[in-house]
Amino acid sequence: MSGGRRRPVIAIDGPAGAGKSTLAAHLARRFGFLNLETGAMYRALAYKAIDADLDLDSEAELLALCKVTQIALEPARDGNRVLLDGRDVSRRIRDGDVTAAASRASVHPLVREWMVAQQRALGAAGGVVMEGRDIGTAVFPDAEVKIFLDADPEVRGSRRYRQVASHEHEAVPVTETAVLVEMQARDERDRNRAQSPLRAANDAIRIDSTALSLDEVLARSEQIVCEHLRP
Ligand code: DC
């Protein structure tokens, strides 16, 4: 897979609410790399499945959908603009129904296989910060830098709540407890699915951001990347 790749791949994995997106966007800006948010791809597919009224537990239905779907990630100021079959769905895919559906859709091994193939193609030239759950273990196991970003569930829940609360497109008002419960259910599914469950790669550098400020996480990560990129 690494044949001919010149520029590095920075893999950022970890559970929801750990701060991966902020970190990935920062590192991409800092090092001039492309930022690829793989969760947005699962979200876009899940949104299309909801729209088509498909059964999220049916691997066959979802795989058939994959085959007629194009998902593009374009660089935007903080993260990615997400194009589903050419249509901008960047905001809609952050809604609660899509969040839950993406988690369900992502357990299917053949859906994951399709996603991983897309993600490898997107990152093939290197020069990317790729963020997700299985980048360092399945998508780019030979990534030059692997960071596994984690934090205690309560801290992740309250960060996620603040993020959701600021997302004014959300139709239904949410509570912090509801966000925490939903996040724990997703964590459970992500960590226990049969294919490429969420776990740190053996050679990943772990950062626990529970007691760290954002600036501390960014500074530590920058240092890790600099050390690895040093000739
Ligand atoms: O990072 P996120 O919350 O946008 O991810 C949405 C869902 O997609 C999440 O429930 C887990 C899944 N996902 C995955 O299984 N593998 C990835 N590489 C990225 C996301």
Side-chain angles (χ1 to χ4, degrees), residues 9-25 35-50 56-57 59 62 66 69 71 73 76 78-82 84 89-123 128-141 143 146-151 153 156-157 159-164 167 170 174 179-201 204:
V9 170
I10 317 283
I12 314 272
D13 289 304
K20 300 186 298 297
S21 300
T22 309
L23 174 60
N35 179 13
L36 296 171
E37 189 200 346
T38 60
M41 299 174 73
Y42 286 92
R43 286 173 179 271
L45 181 75
Y47 169 50
K48 190 168 175 181
I50 293 175
L56 293 164
D57 296 323
E59 182 168 44
L62 292 176
C66 287
T69 297
I71 301 168
L73 300 177
D78 270 307
N80 289 143
R81 206 160 79 93
V82 185
L84 173 64
V89 294
S90 311
R91 289 185 68 76
R92 175 66 178 96
I93 61 167
R94 306 292 161 190
D95 287 345
D97 59 337
V98 180
T99 301
S103 172
R104 285 174 62 196
S106 67
V107 302
H108 301 297
L110 294 175
V111 170
R112 299 200 69 80
E113 219 171 83
W114 183 82
M115 285 289 182
V116 167
Q118 307 281 314
Q119 291 157 6
R120 283 186 183 151
L122 288 174
V128 295
V129 180
M130 193 173 276
E131 175 229 317
R133 304 290 191 288
D134 60 344
I135 311 307
T137 52
V139 182
F140 283 111
K146 298 181 187 180
I147 295 176
F148 191 87
L149 187 60
D150 207 348
R156 292 189 288 111
R159 286 181 192 158
R160 195 81 187 182
Y161 171 68
R162 271 177 276 143
Q163 201 178 37
V164 172
H167 176 47
E170 188 73 50
V174 285
V179 169
L180 183 62
V181 167
E182 185 272 339
M183 199 195 70
Q184 280 170 331
R186 282 211 295 148
D187 271 5
E188 188 67 18
R189 248 194 310 262
D190 287 350
R191 288 182 204 274
N192 294 312
R193 67 179 171 234
Q195 179 147 333
S196 30
L198 170 67
R199 65 171 183 82

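Counting starts at 1 for both ligands and their atoms, in listed order.
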Q) Would Ile50 and Val98 satisfy side chain to side chain contact (heavy atoms under 4.5 Å, CB included), going step by step from the backbone distance to the final call? A) CA-CA 8 Å; Ile50 293 175; Val98 180; 4.1 Å; yes
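Looking at heavy atoms from C-beta onward, Met115 lies out of side-chain contact with His108 at the 4.5 angstrom threshold. In this structure, Pro15 and Asp150 have side chains that are in contact, with non-hydrogen atoms separated by less than 4.5 Å.
Listed by chain and residue number, Glu74, Asp88 satisfy the salt bridge (Lys or Arg N to Asp or Glu O under 4.0 Å) test with Arg81 (two or more places apart in sequence, or in another chain). With sequence neighbours excluded, the residues satisfying side-chain contact (heavy atoms from CB on, under 4.5 Å) with Glu113 are Leu110.
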Residues 41-48 side chain polar contacts: donor-acceptor under 3.5 Å, at least two apart:
{"unit_1": "Tyr42", "atom_1": "OH", "unit_2": "Arg112", "atom_2": "NH2", "d": "3.4"}
{"unit_1": "Arg43", "atom_1": "NH1", "unit_2": "Ile93", "atom_2": "O", "d": "2.9"}
{"unit_1": "Arg43", "atom_1": "NH1", "unit_2": "Thr99", "atom_2": "OG1", "d": "2.9"}
{"unit_1": "Lys48", "atom_1": "NZ", "unit_2": "Val68", "atom_2": "O", "d": "3.0"}
{"unit_1": "Lys48", "atom_1": "NZ", "unit_2": "Thr69", "atom_2": "OG1", "d": "3.0"}
{"unit_1": "Lys48", "atom_1": "NZ", "unit_2": "Asp85", "atom_2": "OD2", "d": "2.6"}

Ligand-protein N/O pairs under 3.5 Å (ligand 1):
{"unit_1": "ligand 1", "atom_1": "1 (O)", "unit_2": "Arg133", "atom_2": "NH1", "d": "2.8"}
{"unit_1": "ligand 1", "atom_1": "1 (O)", "unit_2": "Arg133", "atom_2": "NH2", "d": "3.4"}
{"unit_1": "ligand 1", "atom_1": "3 (O)", "unit_2": "Arg43", "atom_2": "NH2", "d": "3.0"}
{"unit_1": "ligand 1", "atom_1": "3 (O)", "unit_2": "Arg133", "atom_2": "NH2", "d": "3.4"}
{"unit_1": "ligand 1", "atom_1": "3 (O)", "unit_2": "Arg186", "atom_2": "NH1", "d": "3.1"}
{"unit_1": "ligand 1", "atom_1": "4 (O)", "unit_2": "Arg43", "atom_2": "NE", "d": "2.6"}
{"unit_1": "ligand 1", "atom_1": "4 (O)", "unit_2": "Arg43", "atom_2": "NH2", "d": "3.4"}
{"unit_1": "ligand 1", "atom_1": "10 (O)", "unit_2": "Arg186", "atom_2": "NH1", "d": "3.0"}
{"unit_1": "ligand 1", "atom_1": "15 (O)", "unit_2": "Arg112", "atom_2": "NH1", "d": "2.7"}
{"unit_1": "ligand 1", "atom_1": "15 (O)", "unit_2": "Arg112", "atom_2": "NH2", "d": "3.3"}
{"unit_1": "ligand 1", "atom_1": "15 (O)", "unit_2": "Arg193", "atom_2": "NH1", "d": "2.9"}
{"unit_1": "ligand 1", "atom_1": "15 (O)", "unit_2": "Arg193", "atom_2": "NH2", "d": "3.4"}
{"unit_1": "ligand 1", "atom_1": "16 (N)", "unit_2": "Arg112", "atom_2": "NH2", "d": "3.1"}
{"unit_1": "ligand 1", "atom_1": "18 (N)", "unit_2": "Thr38", "atom_2": "OG1", "d": "3.0"}
{"unit_1": "ligand 1", "atom_1": "18 (N)", "unit_2": "Arg133", "atom_2": "N", "d": "3.1"}
{"unit_1": "ligand 1", "atom_1": "18 (N)", "unit_2": "Asp134", "atom_2": "OD1", "d": "2.9"}

